[in-house]
Amino acid sequence: MSIRFLALAGVLAMTAAAAQAEDNAGWTLVIHGGAGVIERERMTPEREKAARAGLDAALSAGEKVLARGGSALDAVEAAVRVLEDDPSFNAGRGAVFTYEGRNELDAAIMEGTTRKAGAVAGVTATKNPIGLARRVMENSPHVMLAGAGADTFSKEQGLEQAGPEWFGTEERRRQLEELKARKADAFDIDMKYGTVGAVARDSAGHVAAATSTGGVTGKRWGRVGDSPLIGAGTYADDRACAVSATGAGEFFIREGVAHEICARVRFKGESLKAAADTVMAETQALGGTGGVIVTGPTGEMAWSFNTAGMYRGRVSAGGARIVAIYGDEQ
Ligand code: ASP
């Protein structure tokens, strides 16, 4: 073997090792805590501080999983669990009330390698609905369970149960009363912000998405929004990206927001940001406000929203940690 050949082989091996190291380090995590009319004038310092602390804690929970080489799926679940337990957000504890004064929770989780997914709608007693969605994905032959049947499955799976006193908060009760006083039979999309979600890319290059919500204040008749619908509020595909959405669910369902973003990335080769901006503009043209978070197998991260603000955060291997609320923040 010539010296020149050996030198070339050495350089190639080093390049491959460097690429591998870069890939291993390349995890990403993006989270949201809802989008809406979030303006400085309407925010109290206490609420802002609590929301920022909640987002920060969720980033830490997901980061812990990803930094030790854990999966994107575990990371998005860990981040969403933290936000579900935090009464600042409309998911799990702190979920909005239905018109009848109940909490009916929706959640979905999906991983991008096999495109396995699990979702629940209108569940009432599982402390962490995202954990139930994951059980549907892993321990049932189905993708989505709803209502009383989903509550039964949760108990059969031995998941932690919680009563109405865990989910309901004074603030959410007040919002329902205010809504009822204003207009007897409408739900108000601007009173409900706080749906939570996470998307991640792990060090193996796989993506996952998770979303959890109480839905919209004053919802009735078993209404289900986009959050637990695979392709609308939640989607993950290693060939494209992972998306979690928040906003006026009816419009996000009609646009097929999460899948539409992935399709643009996959078939048109658009950047995540360009695809997210286009799909949010199309959703707005239908009348829908809200936002999305996106990350992809290449490590790209993006968010896009057409509301005044969106509770959001991101962190990545070697990257800066960002927590933001208002539209004019980074
Ligand atoms: N998208 C959720 C729903 O329609 C609500 C939200 O994101 O605030 O149920």
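Note that ligands are numbered from 1 as they come in the structure, with each ligand's atoms numbered from 1 the same way. Throughout, residue positions are numbered sequentially from 1 according to the sequence presented.
In this structure, Arg40 is positioned above the aromatic face of Tyr326, its NZ or CZ under 6.0 Å from the six-membered ring centre and within 45° of the axis. In this structure, Arg314 forms a cation-pi arrangement with Trp303, its terminal cationic atom sitting closer than 6.0 Å to the ring centre and no more than 45° off the ring axis. Figure legend: Lys180 and Tyr99 shown as a cation-pi pair, the cationic atom lying under 6.0 angstrom from the six-membered ring centre and within 45 degrees of its axis. Remark: Arg173 qualifies as a cation-pi partner of Phe97 under the 6.0 Å distance and 45° angle criteria applied to the six-membered ring.
In terms of polar-atom proximity, Arg223 is counted as a contact of ligand 1, with an N or O under 3.5 Å from an N or O of the ligand. On a distance-only criterion, Asp226 and ligand 1 share at least one N/O pair closer than 3.5 Å. Residue Thr213 has no nitrogen or oxygen atom sitting less than 3.5 Å from a nitrogen or oxygen atom of ligand 1, judged on distance alone. Geometrically, ligand 1 and Glu250 share no nitrogen or oxygen pair separated by less than 3.5 Å.
If you chain together hydrophobic residues whose side chains sit under 4.5 Å apart, Met301 and Leu272 never meet in one group.
Heavy atoms of Gly34 come nearer than 4.0 angstrom to ligand 1 in no pair at all. Using a non-hydrogen distance threshold of 4.0 Å, Lys219 does not register as a contact of ligand 1.
Atom CD of Glu100 is surrounded by more than 12 heavy atoms from other residues, nucleotides or ligands within 6.0 Å. At most 12 non-hydrogen atoms from other residues, nucleotides or ligands lie less than 6.0 angstrom from NZ of Lys64.
Considering only non-hydrogen atoms, atom 2 (C) of ligand 1 lies nearest to Gly247 out of Gly290, Gly247, Ala232.
For ligand 1, the atoms closer than 4.0 angstrom to any heavy atom of Gly249 are 4 (O). Residue contact check: Ser227 has heavy atoms under 4.0 Å from atoms 1 (N), 2 (C) of ligand 1. Within the listing of ligand 1, atoms 2 (C), 5 (C), 6 (C), 7 (O), 8 (O) sit less than 4.0 angstrom from a heavy atom of Thr195. Interface of Thr246 with ligand 1, defined as ligand atoms under 4.0 Å from a residue heavy atom, comprises 6 (C), 7 (O), 8 (O).
Here the shortest heavy-atom pairing between Phe252 and Thr289 reads CE1-O, 3.5 Å.
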